[in-house]
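In what follows, a single structure is set out as structure tokens and then discussed.
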Amino acid sequence: EQSLQKMTLELSFLRGEVENLQETNTKLMGEINNCNQSLEIMTEKVEGNNRRVAFTAVTAQYIPSVYYRTDMIYPNVITNLGGGYNRATGVFTAPVSGTYIFFTSVVSWDNKSISTDIVLNGNSKVRTFADSRGFNVPEHYVYQTGTNLVSLQLQVGDRVWVRKYSGTGYIVHSTPMHTFSGYLL
């Protein structure tokens, strides 16, 4: 009978130990899941930060003399790391989330002006302006350059492009003067 009581006590003690181990196991599984989630987030950040994204595209083609609101297409691609720039549409689509820098330049001539915007998902962010009007020099053409730069926080799939805001003073030259560039910081 003492032996039976002793075994009952031991069994009761072992049941308590098993319950404690099950609780500890459940907590450890939760901690492992949290660690795995943190590891996935950190891996995404590291891989995203190591991804190189940069492009420069230019045009030496005449833009029709529509006065305003014409999306610019830069079909000549110098660099397109990460493949985000589409030469057919002139649109950069962010392949990875992050902070990007965009730059554009335009040149006006022949006593005219031109203005362009850097556009994010349909909303103008910054504007360039080049105006060669008022320079009456009959022997020489007068050129004026308009540039602008903007840093934008993009999510994967955000779209950025250049839109001609106004003007017709657009020069065509064999060495492109009109550029659109961007890169991931």
Side-chain angles (χ1 to χ4, degrees), residues 41 44-135 137 140-185:
I41 290 168
E44 286 177 16
K45 286 183 180 179
V46 167
E47 287 174 357
N49 287 338
N50 287 336
R51 179 129 188 223
R52 293 175 36 177
V53 179
F55 75 94
T56 292
V58 300
T59 188
Q61 298 173 342
Y62 180 72
I63 296 173
S65 60
V66 175
Y67 185 75
Y68 67 96
R69 305 293 167 116
T70 303
D71 292 341
M72 307 272 287
I73 296 174
Y74 299 83
N76 305 322
V77 177
I78 295 172
T79 304
N80 194 11
L81 296 174
Y85 181 75
N86 183 322
R87 73 176 62 222
T89 63
V91 175
F92 172 79
T93 303
V96 62
S97 296
T99 303
Y100 288 79
I101 302 296
F102 293 95
F103 176 83
T104 189
S105 66
V106 294
V107 178
S108 72
W109 76 298
D110 195 24
N111 207 28
K112 295 181 182 171
S113 67
I114 187 167
S115 180
T116 62
D117 293 351
I118 294 177
V119 178
L120 168 60
N121 296 328
N123 298 308
S124 295
K125 295 301 178 182
V126 295
R127 181 165 293 153
T128 67
F129 184 71
D131 188 353
S132 62
R133 294 175 295 183
F135 297 97
V137 183
H140 304 285
Y141 286 110
V142 175
Y143 303 91
Q144 291 292 317
T145 302
T147 63
N148 215 331
L149 178 141
V150 65
S151 62
L152 297 171
Q153 184 66 38
L154 301 185
Q155 300 301 314
V156 171
D158 280 346
R159 297 165 34 98
V160 178
W161 66 93
V162 176
R163 175 181 293 146
K164 183 171 81 166
Y165 178 74
S166 65
T168 58
Y170 183 88
I171 186 157
V172 176
H173 192 275
S174 60
T175 303
M177 296 186 211
H178 308 282
T179 64
F180 178 37
S181 298
Y183 61 91
L184 174 66
L185 286 179

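All values derive from a computational prediction rather than experimental measurement. Both backbone and side-chain heavy atoms feed into the values below; hydrogens, waters and symmetry mates do not.
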Looking at [atom1] of [X] and [atom2] of [Y], how far apart are the two atoms once the value is rounded to the nearest 0.5 Å?
X	Y	atom1	atom2	result
F129	R127	CZ	CZ	10.0 Å
N148	F102	CG	CZ	13.5 Å
S115	D131	OG	CG	10.0 Å
M72	I118	CE	CD1	11.5 Å
Y85	T93	OH	OG1	10.5 Å

| request: Take V126 and L149 through the test side chain to side chain contact (heavy atoms under 4.5 Å, CB included) and record every step on the way to the result. | output: CA-CA 8 Å; V126 295; L149 178 141; over 6 Å; no

| query | Only one of F180, Y183, Y100 clears ring-ring contact (aromatic ring centres under 6.0 Å, His included) with F92; which? | reply | Y100

| Pair R52-L184, side chain to side chain contact (heavy atoms under 4.5 Å, CB included): steps then yes or no | CA-CA 7 Å; R52 293 175 36 177; L184 174 66; over 6 Å; no

Quick check: closest heavy atoms across [X] and [Y], and the distance to 0.1 Å?
X	Y	value
W161	D71	NE1-OD1, 3.2 Å
I73	A88	CD1-O, 3.6 Å
S124	V119	OG-CG2, 4.1 Å
Q153	T99	OE1-OG1, 2.5 Å
G84	P95	CA-CD, 4.5 Å
K164	I114	CD-CD1, 3.8 Å

| message | Apply side chain to side chain contact (heavy atoms under 4.5 Å, CB included) to residues I101 and L185 and explain how you reach the verdict. | response | CA-CA 7 Å; I101 302 296; L185 286 179; 3.9 Å; yes

| field | V77 and F55: CA distance, side-chain angles, deciding distance, side chain to side chain contact (heavy atoms under 4.5 Å, CB included) verdict | value | CA-CA 8 Å; V77 177; F55 75 94; 5.8 Å; no

| task | May I ask you to test the V107-H178 pair for a side-chain heavy-atom distance under 4.5 Å? | result | yes

| Side-chain heavy atoms of L120 within contact of L154, under 4.5 Å | yes

| task | Establish, from distance only, whether the side-chain atoms of T116 and T128 form a donor-acceptor pair under 3.5 Å. | result | yes

| query | Side-chain donor-acceptor pair under 3.5 Å between S105 and T179, yes or no? | reply | yes

| query | Okay, side chain of N76, backbone of T59: is any donor-acceptor separation there less than 3.5 Å? | reply | no

| task | Flag yes if more than 12 heavy atoms outside R163 fall under 6.0 Å of its CZ atom; otherwise flag no. | result | yes

